[in-house]
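On a predicted model such as this, the values are computed, not experimentally measured, just so you know. Throughout, a chain's letter reflects where its sequence line sits, starting with A, and its residues are numbered from 1.
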Number of protein chains: 2
Amino acid sequence: MNDRYEHWQAAERLALTLIQGGLQRMAARTLAVFLFTDQESVTAGEIAGQLEASAGSVSGAIKSLLTVGLIERLPSPGSRREHYRLRDDAWATLFTGQNTVIQAMLQAAAAGIATTDEGDPAHQRLTQMHAFYDFLLGEIPALLHRWHQQTG
Amino acid sequence: MNDRYEHWQAAERLALTLIQGGLQRMAARTLAVFLFTDQESVTAGEIAGQLEASAGSVSGAIKSLLTVGLIERLPSPGSRREHYRLRDDAWATLFTGQNTVIQAMLQAAAAGIATTDEGDPAHQRLTQMHAFYDFLLGEIPALLHRWHQQTG
DNA sequence: CCGACTTTTCAGAAATTTCTGAAGAGTCGG
DNA sequence: CCGACTCTTCAGAAATTTCTGAAAAGTCGG
């Protein structure tokens with residue numbers, strides 16, 4: 001029950017939380033490695049070893065983390081292995097990813113509104129839904145601005 | 001391709017979006033029914049008919065929607081069937097549900113911080129993560145306040 | 001270019017999630 | 001209380017998601 005074990009434990013717990021937050025299982029575990037490693041950057045092979053997972057599944061996880069912008073590929077200095085690390089604004093990025101969902105909600109609501117008449121209960125409900133997500137979308141830029149100001 | 005069909009189409013599309021947003025499949029489809037129905041309230045049986053799903057799965061979906069506070073059970077006036085309807089503040093509630101995730105993230109980060117020493121790269125990364133979610137959690141009350149003010 | 005090493009791809013396997021159907025529990029009118 | 005109807009529970013089936021292992025592709029030093 002040394003430090004190394006505690007790290008592993010905390011990392012796996014965080015991975016579970018990330019899964020709850022919507023990430024895929026292996027992507028979440030991979031992200032946990034990026035958080036808990038003592039190195040500045042890690043390679044796919046190191047992650048696979050750490051997680052006792054196949055190179056294939058790690059490859060897929062890295063791909064998805066790159067796509068959503070949580071990690072970045074580093075210019076590899078004379079090495080065959082690709083190095084990756086957590087991006088500085090990873091958490092803000094993860095949060096911003098909700099925008100996509102919100103916009104989809106807005107679109108879905110709008111589509112529903114278009115198929116109903118102005119007196120319908122359904123019309124009213126969909127309008128309320130639209131109003132909320134419209135509000136939410138509008139608030140996000142200012143919120144992120146406040147965050148960047150607080151840190152910067 | 002009449003109105004009824006368009007409704008079904010729009011409802012199913014919205015259900016898919018809700019699934020993306022983290023709801024379970026049947027819960028999402030059920031919520032879509034609550035949105036698109038022309039009635040003030042619906043029964044479990046009506047939902048099952050609408051979705052061509054079993055009573056069992058609808059029962060489970062309603063249970064979970066009740067738990068997260070998206071719908072409410074109405075006092076049934078002299079009927080054996082329970083009536084349900086979408087709650088007024090359903091969308092704000094759905095959004096607030098993210099709080100749980102954020103708090104879990106905070107806890108996970110804190111646990112990680114506790115197992116690392118102050119100079120470690122891991123310590124720094126976990127601290128940044130903690131700072132962001134702490135900020136986020138703090139912003140939510142004011143945000144919801146603005147929303148209620150805007151509508152009220 | 002070659003050889004050694006690493007990453008990516010992908011078909012099939014494994015695991016997990018989700019749904020169904022039937023039995024049982026609950027509820028209301030009579 | 002009884003009978004009719006509705007809702008809930010839960011074990012097993014179905015569907016979906018996720019992982020693995022091996023082959024192929026890519027990359028770098030020499």
From C-beta outward on A:Ser54, which listed nucleotide comes closest to its side chain: D:dG21, C:dT8, C:dT18?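 Shortest atom-to-atom distance from the side chain points to D:dG21.
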In whole angstroms, how far is the [atom2] atom of [N] from the [atom1] atom of [X]?
{"X": "A:Tyr84", "N": "C:dT6", "atom1": "OH", "atom2": "C1'", "answer": "10 Å"}
{"X": "B:Leu51", "N": "C:dC19", "atom1": "CG", "atom2": "P", "answer": "10 Å"}
{"X": "B:Ile47", "N": "D:dC7", "atom1": "CD1", "atom2": "C1'", "answer": "12 Å"}
{"X": "B:Leu16", "N": "D:dT16", "atom1": "CG", "atom2": "P", "answer": "12 Å"}
{"X": "A:Arg73", "N": "D:dG26", "atom1": "CZ", "atom2": "P", "answer": "14 Å"}
{"X": "A:Leu74", "N": "C:dT6", "atom1": "CG", "atom2": "P", "answer": "18 Å"}
{"X": "A:Arg29", "N": "D:dT18", "atom1": "CZ", "atom2": "C1'", "answer": "12 Å"}
{"X": "B:Met26", "N": "D:dA15", "atom1": "CE", "atom2": "C1'", "answer": "13 Å"}

Which distance, rounded to the nearest 0.5 Å, do you find between the CG of B:Leu14 and the CG of B:Leu18?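 The distance works out to 4.5 Å.
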Give, for atom CD of A:Gln9 and atom OG1 of B:Thr115, the distance between the pair rounded to the nearest 0.5 Å.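 Taking CD in A:Gln9 and OG1 in B:Thr115, the distance rounds to 9.5 Å.
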Parallel, tilted or perpendicular for [X] and [Y], by the 30°/60° rule?
{"X": "B:Trp91", "Y": "A:Tyr133", "result": "perpendicular"}
{"X": "B:Trp147", "Y": "A:Phe132", "result": "perpendicular"}
{"X": "A:Phe34", "Y": "A:Tyr84", "result": "perpendicular"}

Are the side chains of B:His83 and B:Val42 in contact, using a 4.5 Å heavy-atom criterion?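 They are not in side-chain contact.
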Output a table of nitrogen or oxygen pairs between the protein and nucleotides 4-6 of chain D separated by less than 3.5 Å.
residue: D:dA4; atom: N3; partner: B:Arg80; partner atom: NH1; Å: 3.4

Consider only side-chain N and O atoms of A:Ser57 and A:Ser54, and report whether a donor and an acceptor are under 3.5 Å apart.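 Distance-only check passes for A:Ser57 and A:Ser54.
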Stepwise, does the side chain to side chain contact (heavy atoms under 4.5 Å, CB included) test hold for A:Leu66 with A:Ile71? CA-CA 5 Å; A:Leu66 280 173; A:Ile71 63 174; 3.8 Å; yes
Which residues, if any, of residues 59-66 of chain B bring a heavy atom under 4.0 Å of DNA chain D?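 Per residue number, the list reads B:Ser59, B:Lys63.
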Please check if atom CD in A:Glu118 has more than 12 non-hydrogen atoms from other residues, nucleotides or ligands closer than 6.0 Å.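 Incorrect, the count does not exceed 12.
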For a quick test of reading the model: is some side-chain N or O of A:Ser57 closer than 4.0 Å to OP1 or OP2 of D:dT18?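 The answer is no; no side-chain N or O of A:Ser57 sits under 4.0 Å from OP1 or OP2.
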